[in-house]
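Quick note on labels: first sequence line is chain A, next is B, and so on, each numbered from 1. Only a predicted model underlies this, so the values are computations on that prediction, with no experimental measurement involved.
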Amino acid sequence: MARRRPGLLKRFRRMSGVGLMATAVLYGLWYYQERTYWEQMSWMGTPRAEVWYDWKTINRTLRNDGFLTGWSDLRANPLWTVYRLDRVNHPAIGDRPGHFSDDWRTLWPVTSDDYTGSGYDRGHQAPNYAIAAVYGRQAQLDTFQMSNISPQSPDLNRRVWQRLEEVVIDQFAARFGTVWVTTGPIFDDPIKRMSSFIEIPDAFYKIVVAPGSGDAPPRMIAFIVPQDVHGDEPLDRFLVSVDDIEARTGFNFFSELSDDMAEQLESGVDTRGWGLEKVARQPARF
DNA sequence: TTTGATGT
């Protein structure tokens, strides 16, 4: 009696085993390469969720020209944005593109129309001007992807936030040569969403790091700005410690710092060396 | 030279 040839199912299993292995290898190579980019595009690591299985902080890293985004499919917001800014002597940037573009990587479709009539601005997280000034046109266009946008009240977006971003590029980057910025929304309970599912933040944080060099130690300055600002408040009113932001967001920032350095840099508010008092009351442009 | 919305 002749032996039966291997059954279809068995042959399929054998072939798919090879396919799976090839897929795993390719994914591994891709992931390794991505991790290398993330390392280069952040300072002391990208933000890490304190509790990895909490839906509120789960996010995927999206790599853009000039900045990284930690996208949350469940909040339909970028939970964090990380970028390096360098001193630019004579910045000349391109025009605003005039529309915000969909980002297929969001999976859940998030479009500019979702914001229309909501009362909220489409608030850049990685900023248009500073990113364009440092990284050029393609990076500028990348900031107009909807994956870089969070709902911001007009008085926040056009006034306090505009002033803060102006200070970061014009004062801090100019003063230190290079700064690293981490910024994003803060969500308190209860959950509030626009009619389009996009969650509405209660506040926004921004952490600026001057990395130091040689004998100069790193410095950090951090802010939390609530949605319901008036607009002309002095910026130093919003100063907080990085620990405050970690407690309110559930992220661990700069996780590659030693415990000693983290304690030293993140537990308090120390504005010495930033020249903030000179620019804290600068008026908004709009 | 830095933020946006709206209507056509």
Next on the checklist: Taking the nucleotide of DNA chain B with the nearest heavy atom to each, does A:Arg122 or A:Ile93 sit closer to the 5' end?
Outcome noted: A:Ile93
Checklist entry - To the nearest Å, how far apart are A:Phe286 CZ and B:dT6 C1'? => result 17 Å
Checklist entry - Using 4.0 Å as the upper bound for N to carboxylate O, is an ion pair formed by A:Lys192 and A:Glu199? => result no
Item to check | Between B:dT1 (C1') and A:Asp95 (CG): distance, integer Å | outcome: 11 Å
Item to check | Closest listed nucleotide, where the reference is the side chain of A:Arg285 and the choices are B:dT6, B:dT2, B:dG4 | outcome: B:dT2
Item to check | Distance-only donor-acceptor check, side chains A:Gln145 and A:Asn64, under 3.5 Å | outcome: yes
Checklist outcome for this item: Nearest-nucleotide check on DNA chain B, A:Tyr115 vs A:Pro127; residue mapping nearer the 5' end is A:Pro127
Checklist entry - Will you find, in the side chains of A:Asn77 and A:Ser72, an N or O donor that is under 3.5 Å from an N or O acceptor? => result no
Item to check | Interatomic distance, A:His124 NE2 vs B:dA5 P [rounded to whole Å] | outcome: 10 Å
Item to check | Atom-to-atom span, NZ of A:Lys206 to C1' of B:dT3 - whole angstrom | outcome: 13 Å
Next on the checklist: Tell me the interatomic distance from A:Gln152, atom CD, to B:dA5, atom P, rounded to whole angstroms.
Outcome noted: 11 Å
Checklist entry - Roughly, in whole Å, what's the span from CG in A:Asp113 to C1' in B:dA5? => result 13 Å
Next on the checklist: Side chain of A:Tyr129 only, heavy atoms from C-beta on: which candidate in B:dT6, B:dA5, B:dT3 is closest?
Outcome noted: B:dT3
Item to check | Which nucleotide in B:dT6, B:dT2, B:dG4 has an atom nearest any side-chain atom of A:Asp170 | outcome: B:dT2
Next on the checklist: With a 4.0 Å cutoff (strictly under), does any side-chain N or O of A:Asn128 reach OP1 or OP2 of B:dT2?
Outcome noted: no
Item to check | Separation of atom CZ in A:Phe204 from atom P in B:dT3, rounded to whole Å | outcome: 15 Å
Checklist entry - Does the side chain of A:Gln140 pick up a donor-acceptor pair with the side chain of A:Asn128 at under 3.5 Å? => result yes
Item to check | Integer-rounded Å distance: B:dT3 C1' and A:Arg159 CZ | outcome: 11 Å
Checklist entry - Do we see a donor-acceptor contact under 3.5 Å between the side chains of A:Asp102 and A:Trp104? => result no
